[in-house]
Amino acid sequence: MTQPTANSESSDITFNHTTPSLNSFAPRLLDWFAENGRHDLPWQQHQTDTPNPYVVWLSEVMLQQTQVTTVLPYFARFMDTFPTVQDLAAADWDLVAEHWAGLGYYARARNLHKGAKQLVEIIDETRGFPQTLSGWEAISGVGPSTAGAIMAMGLHRYGVICDGNVKRVLTRWAAIDGDITKSATTKELWALAERLTPVDDSRLFAQAMMDMGATLCTRSKPACLLCPLKDDCLAHAEGRETDYPVKAKKQPKPSKFSDALLIESLDHDMLWLQRPDNGIWGGLWSLPLQFVEKVTGKITGKSQNTANDTPLDVRSNEKVYETEFTTAEQIINEWLTENKLVAESISSTLLDDDPIKHSLTHFHWYLTPRKLTVDAAQMNELSEKLAAAEITFKWLTEQKAQDSLGLPRAMEKLIER
DNA sequence: GTCCAGCGTA
DNA sequence: TACGCTGGAC
């Protein structure tokens, strides 16, 4: 999806409002923002005078997935450790991962790190940050929405944003009832956002729209009485604010089950593995996991027709083995199988049959912590097998792992047990 | 406890 | 179009 280019006369698109309504949208919004908007967010502070593309880029990438209050401490820590894009580009990945740990969607941290390197290269060549929409869209992790935000707020140039907040405001104001996950609706919303964005004030307009969506035009219980757009908001006129935006129904999530192995040395160090770059928790660190094949289904006799009643696909062990284990975990699995005593001791030293539940985008994950103590010889043997396969691993206490590794939330939950 | 938002990439 | 994570809303 490409953001439409500036064209205020897009004659092939019709809008649900009259020209006076369309034209007065921005002035009403900007008046409200001047009075009631947030102007003190840390990534806004330098913007009244000198544009700072780095802080806007960094904050926008964080805000792609996360609410303002959650982002604040992460942003502060990033700026503290990586005050410039050059600092970020020069940093080791593990340090970046540690700073991002807990925010989720770790591919974005990898793209951020990669993007920093790309930006430094561009800056070295051109003596400055990219100055165009397409220039920013070429940076890893920057799509049309983030690029528009950076153009407007990071460079003080013309830029249009159409993120989730904007889409909520606009679908309500214009009673747009198309599914916003469909490309036709996306196109319609971008066209409306562009029609409403004032060419010479797109920076404040973008900030105002995000503030509106975040504080007034919220998903549930919108504060319509305080809204500068209520007089011609088509959803409000019908009392149907919360019917927008329209989205396709979600698929029920399947469940997966894994054991999380706390393989502990006699010195109380545990084995930690760095996960592959792609897939879940890419580039972060995790306890070794062992996929457990289980038929899901309600054991209680209720006959509710929920997702849990649907059996998992019957797959061969070989298929499961390939898709559910990382290389490191396959090696560990083989090592455990070869050493039957060890394998037995896992099940016999069961710590807690109560799994932690961790829900991801497309499935629920039940992780059961299982403890296993290895002697020095076993520790060496396992380490050698992992090293031979060029697996990145560390033996660290829980405390040291928490302090020095990028751990996903699920690992924090597990070791708190 | 369960549901939901959020944007970019492969 | 499938997929990625978590906190907050309900």
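Every chain is numbered from 1 and lettered A, B, ... according to where its sequence line falls, protein lines coming before strand lines.
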[N] phosphate, OP1 or OP2, under 4.0 Å from [X] side-chain N/O:
X        : N     : answer
A:Gln65  : B:dA5 : no
A:Lys221 : C:dA9 : no
A:Ser145 : B:dG8 : no
A:Arg409 : C:dG7 : yes
A:Lys247 : B:dA5 : yes

Between [N] atom [atom2] and [X] atom [atom1], what is the distance in whole Å?
X        : N     : atom1 : atom2 : result
A:Lys182 : B:dC7 : NZ    : P     : 18 Å
A:Glu137 : B:dT9 : CD    : C1'   : 13 Å
A:Gln67  : B:dG6 : CD    : C1'   : 10 Å
A:Arg110 : C:dC3 : CZ    : C1'   : 12 Å
A:Phe363 : C:dA2 : CZ    : C1'   : 13 Å
A:Trp100 : C:dG4 : CH2   : C1'   : 13 Å
A:Asp179 : C:dT1 : CG    : C1'   : 13 Å
A:Trp57  : B:dC7 : CH2   : P     : 18 Å

Checking contacts here: which listed nucleotide ([options]) is nearest the side-chain heavy atoms of [X]?
X        : options             : value
A:His362 : B:dG8, C:dC3, C:dG8 : C:dC3
A:Thr69  : C:dG8, C:dT6, C:dG4 : C:dG8
A:Arg168 : C:dA2, B:dA5, B:dG8 : B:dA5
A:Trp281 : B:dC7, C:dT6, C:dG8 : C:dT6
A:Asn111 : B:dC7, B:dA5, B:dT9 : B:dT9
A:His358 : C:dT6, C:dG7, B:dG6 : C:dT6
A:Thr70  : C:dG8, B:dG8, C:dC5 : C:dG8

*asked:* Tell me if the side-chain of A:Arg219 makes a donor-acceptor pair with the base of B:dC4, cut-off 3.5 Å, by modelled atom types.
replied: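 By the distance-only test, no, there is no pair.
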_Distance-only donor-acceptor test (3.5 Å): side chain A:Thr361, base C:dC3_ =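 Side chain to base: no pair below 3.5 Å.
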*Select base, sugar-phosphate, or nothing to describe what A:Leu360 touches, counting heavy atoms under 4.0 Å on all strands.*
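Contact class for A:Leu360: base.
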*Just checking A:Asn165: base, sugar-phosphate only, or nothing, at a heavy-atom cut-off of under 4.0 Å?*
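Contact class for A:Asn165: sugar-phosphate only.
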*May I ask you to decide if A:Phe33's main-chain N or O and A:His39's side chain share a donor-acceptor pair within less than 3.5 Å?*
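Indeed, once roles are kept as given, a pair shorter than 3.5 Å links the two residues.
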*Okay, side chain of A:Arg168, backbone of A:Cys217: is any donor-acceptor separation there less than 3.5 Å?*
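Yes, A:Arg168 side chain to A:Cys217 backbone: donor-acceptor pair under 3.5 Å.
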*Which sits closer to the 5' end of DNA chain B, A:Tyr105 or A:Gly141, going by the nucleotide each is nearest to?*
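Taking each residue's closest nucleotide, the earlier one in sequence belongs to A:Tyr105.
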*First encountered from the 5' end of DNA chain B, between A:Val142 and A:Thr66*: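 Looking at DNA chain B, the more 5' nearest nucleotide goes with A:Thr66.
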_Mutual orientation of the aromatic rings belonging to A:Trp57 and A:Tyr54 [parallel < 30°, tilted 30-60°, perpendicular > 60°]_ =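 Taking A:Tyr54 first and then A:Trp57, their aromatic rings sit tilted (interplane angle of 30° to 60°).
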*Please state whether the rings of A:His358 and A:Trp281 are parallel, tilted or perpendicular, taking 30° and 60° as the class boundaries.*
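Plane angle over 60°, so perpendicular.
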*Tell me which of A:Pro408 and A:Thr181 sits closer to the 5' end of DNA chain C, going by the nucleotide each one is nearest to.*
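Closest to the 5' end, via its nearest nucleotide, is A:Thr181.
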*Calculate, to the nearest 0.5 Å, the distance between atoms CG and OG1 belonging to A:Leu103 and A:Thr70 respectively.*
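If I round to the nearest 0.5 Å, the distance is 8.0 Å.
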*With a 4.5 Å heavy-atom cut-off, do A:Phe25 and A:Leu192 have their side chains touching?*
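When only atoms from C-beta onward are counted, A:Leu192 and A:Phe25 do not touch, as no gap falls below 4.5 Å.
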*When you check the gap from the basic side-chain N to the acidic O, do A:Arg77 and A:Glu98 get nearer than 4.0 Å?*
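A salt bridge links A:Arg77 with A:Glu98.
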